[in-house]
Peer 1: 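Sharing a structure here in structure tokens format.
Nothing fancy with the numbering, it's 1 onward along the sequence.
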Amino acid sequence: MPSSKFVVESKIPSSFRVEKVKGQFDYDASVVRKEFDVDIPIEDMDWNIGLIVGASGSGKTTIAKNVFKEFELFDGFEWSNKTVIDDFADGLSAIEITDSLNKVGFSSPPDWLKPFNVLSNGQKMRAELARLILESDKPIIYDEFTSVVDRQVAKIGSSAIQKYIRRENKQFIAVSCHYDIEEWLEPDWLYDANEKKFYRRSLRRPEIKVDIRKAHQREWELFKEFHYLSSTHNKSAHKYIAEINGEPVAWCSLLHFPHPKLKNCKRIHRIVVKPDYQGIGVGGRFMSELAKDYSKLGTRIRLVTSAPSFIYGLSASKNWMMVRKPSRLKNTAKSGVLAGTTSDARLTASFEFVG
């Protein structure tokens, strides 16, 4: 049973200042001593995610290290000035690396090609998790989990990360001073270092309310740097923005799709989800809501994408049907909105909304 009684001692060295302080507070001990009696009864549980939480100084990290000695305590990677993907272990393929990055909700190819140190804190956290899960062959303890990211980013990131951990059937313990991530990380168990109590958990992530509104062309400026292929945008497209708590988090636009056989059809022109909100299904949900509204008017909606996150997500969705498997397809249009576009250099898949 992963429970333990142990003592942590720190010998107090002698110095002029130390003796001054000891005399001032009438403290004559030569050792600082703290006793721990921790009971985390999880032997009979099948679990993937644990959370050790408590205030600073409550002994969270000490508990994790002493009770879970066989786990790897993650305290950071060495990152070079190369690209993020070049810092992963040499034995990993580009496909394995990008698949892992996508699964933790870091789905931005242009940012994969940047050095780690220029990423946002939220992207850094996800890149570390993607690399850690690929490179570690032991169960993992992640100390100071979400400690340096904005709290909204922490919640969204926790939700994206927990799905990947469960999919890979890893064991992962987050150590944090923040209680606000609990519902989003959805731990199987929790140990509260403040209360010194263990809890079994079966929480579910809070519902994320997404509001959709029409957008203006000028608002594309908020999203264009995050589009993985192009910052250009057709002004004639129908444009929409998804908001969470009043913050614009995703963009979707649609264009008429000229086709010799398909009538009254539109295609997704641009779909962009800001990096901090990737990995929780916002993009797929956004497109589906719009497609549902258009289908009520008799309009069919199609999407051609090379983004692995969308290919994976839409393939698993009952609302979308894959009409062309991933392949290289060159466009031969001589005129119209598709003229000059091509996807022969990259794998793309086609989907149609089916309700």
Side-chain angles (χ1 to χ4, degrees), residues 1-6 36-74 103-105 122 125-126 128-130 132-133 136 138-209 244-245 276-282 285 316:
M1 183 176 292
S3 304
S4 183
K5 291 183 179 181
F6 57 93
F36 291 84
D37 187 353
V38 181
D39 185 21
I40 304 179
I42 57 175
E43 274 194 337
D44 63 338
M45 288 178 61
D46 289 326
W47 64 275
N48 294 107
I49 300 173
L51 175 61
I52 299 177
V53 66
S56 179
S58 60
K60 304 181 297 297
T61 304
T62 301
I63 290 168
K65 289 194 296 186
N66 282 273
V67 177
F68 297 93
K69 293 180 179 179
E70 73 278 16
F71 280 51
E72 178 180 347
L73 179 64
F74 175 68
K103 286 178 179 176
V104 294
M125 179 180 72
R126 298 186 195 216
E128 286 183 330
L129 259 297
L132 184 59
I133 289 173
S136 177
K138 294 182 179 180
I140 299 160
I141 298 170
Y142 193 116
D143 199 12
E144 301 293 340
F145 184 69
T146 76
S147 63
V148 297
V149 296
D150 170 86
R151 299 321 304 156
Q152 181 69 10
V153 173
K155 295 172 185 177
I156 299 295
S158 295
S159 181
I161 288 163
Q162 64 86 15
K163 289 191 292 185
Y164 183 30
I165 293 168
R166 296 185 196 283
R167 191 179 298 133
E168 296 297 310
N169 198 27
K170 295 277 188 174
Q171 287 189 321
F172 176 89
I173 298 174
V175 180
S176 178
C177 60
H178 296 286
Y179 286 80
D180 61 355
I181 61 171
E182 182 185 349
E183 290 179 302
W184 299 81
L185 188 62
E186 301 179 47
D188 302 299
W189 59 264
L190 176 147
Y191 184 81
D192 191 318
N194 291 340
E195 299 179 352
K196 298 179 175 58
K197 288 184 178 179
F198 168 84
Y199 299 92
R200 291 174 183 256
R201 285 290 191 248
S202 57
L203 301 176
R204 289 296 175 262
R205 188 194 77 187
E207 182 67 24
I208 300 173
K209 187 175 185 298
I244 296 177
N245 297 326
D276 287 339
Y277 292 86
Q278 294 174 358
I280 57 170
V282 170
R285 180 176 168 186

Peer 1: Just jot down the salt bridge (Lys or Arg N to Asp or Glu O under 4.0 Å) partners of R167, sequence neighbours excluded, or say none.
Peer 2: none

Peer 1: Among pairs that include at least one residue of residues 147-184, which meet ring-ring contact (aromatic ring centres under 6.0 Å, His included), considering only residues two or more places apart or in two chains?
Peer 2: F145-F172

Peer 1: Find the distance between OG (S147) and CE (M125) and round it off to the nearest 0.5 Å.
Peer 2: 10.0 Å

Peer 1: Say you draw a straight line from OG1 of T61 to CG of L73; how long is it, rounded to the nearest 0.5 Å?
Peer 2: 7.0 Å

Peer 1: Of all heavy-atom pairs between I208 and R285, which one has the smallest distance, and what is that distance?
Peer 2: O-NH1, 2.8 Å

Peer 1: Only one of L190, I42, D39 clears side chain to side chain contact (heavy atoms under 4.5 Å, CB included) with F198; which?
Peer 2: I42

Peer 1: Which atoms form the tightest heavy-atom contact between V149 and G122, and what is the distance?
Peer 2: CG1-N, 3.8 Å

Peer 1: Mind checking the CD1-CD1 spacing from I173 to I63? Nearest 0.5 Å is all I need.
Peer 2: 11.5 Å

Peer 1: Taking salt bridge (Lys or Arg N to Asp or Glu O under 4.0 Å) as the cut-off, I'd like each qualifying pair that reaches into residues 171-185, sequence neighbours left out, listed once.
Peer 2: R151-D180, E182-R201

Peer 1: Is there a side-chain contact (heavy atoms from CB on, under 4.5 Å) between Q171 and D188 once you walk through the steps?
Peer 2: CA-CA 10 Å; Q171 287 189 321; D188 302 299; over 6 Å; no

Peer 1: Just grab all the ring-ring contact (aromatic ring centres under 6.0 Å, His included) pairs involving residues 49-68, residues at least two apart or on different chains.
Peer 2: F68-F71, F68-W189

Peer 1: To the nearest 0.5 Å, how far apart are CD in Q162 and CD1 in I181?
Peer 2: 11.5 Å

Peer 1: Check I280 against A160 and note the closest heavy-atom contact, atom names and distance.
Peer 2: CG2-N, 4.2 Å

Peer 1: Can you give the donor-acceptor pairs under 3.5 Å from side chains of residues 48-58 to other protein atoms, not counting sequence neighbours?
Peer 2:
{"unit_1": "N48", "atom_1": "ND2", "unit_2": "N169", "atom_2": "OD1", "d": "3.1"}
{"unit_1": "N48", "atom_1": "ND2", "unit_2": "K170", "atom_2": "O", "d": "2.9"}
{"unit_1": "S58", "atom_1": "OG", "unit_2": "A55", "atom_2": "O", "d": "2.6"}

Peer 1: Under the side chain to side chain donor-acceptor pair (under 3.5 Å) rule, collect the residues that match up with Y277, sequence neighbours excluded.
Peer 2: E247

Peer 1: Under the rule for side chain to side chain donor-acceptor pair (under 3.5 Å), what residues qualify as partners of S136, not counting sequence neighbours?
Peer 2: E72

Peer 1: With sequence neighbours excluded, tell me which residues meet salt bridge (Lys or Arg N to Asp or Glu O under 4.0 Å) with D44.
Peer 2: R200

Peer 1: With sequence neighbours left out, which residue pairs that include part of residues 61-71 fulfil the salt bridge (Lys or Arg N to Asp or Glu O under 4.0 Å) condition?
Peer 2: none

Peer 1: Output all residues satisfying side chain to side chain donor-acceptor pair (under 3.5 Å) with K155, sequence neighbours left out; order by chain, then residue number.
Peer 2: none

Peer 1: Is it true that a side-chain atom of K163 and a backbone atom of G279 form a donor plus acceptor pair closer than 3.5 Å?
Peer 2: yes

Peer 1: Do the non-hydrogen side-chain atoms of K103 and E168 ever get within less than 4.5 Å of each other?
Peer 2: yes

Peer 1: Locate the shortest heavy-atom distance separating K196 from Y191; write the atom from each residue and the value.
Peer 2: CA-OH, 3.4 Å

Peer 1: Could you tell me the separation between the NZ atom of K60 and the CG atom of D192, rounded to the nearest 0.5 Å?
Peer 2: 10.0 Å

Peer 1: Would you please name every residue forming a side chain to side chain donor-acceptor pair (under 3.5 Å) with E195, sequence neighbours left out?
Peer 2: Y199

Peer 1: Are the side chains of Q152 and I244 in contact, using a 4.5 Å heavy-atom criterion?
Peer 2: yes

Peer 1: Quick one: list whatever passes side-chain contact (heavy atoms from CB on, under 4.5 Å) with K209, sequence neighbours left out.
Peer 2: D211

Peer 1: State, to 0.1 Å, how close T146 and S176 come at their nearest heavy-atom pair, and which atoms those are.
Peer 2: OG1-OG, 4.1 Å

Peer 1: Quick one: do L132 and Y142 satisfy side-chain contact (heavy atoms from CB on, under 4.5 Å)? Show the steps, please.
Peer 2: CA-CA 10 Å; L132 184 59; Y142 193 116; 4.2 Å; yes

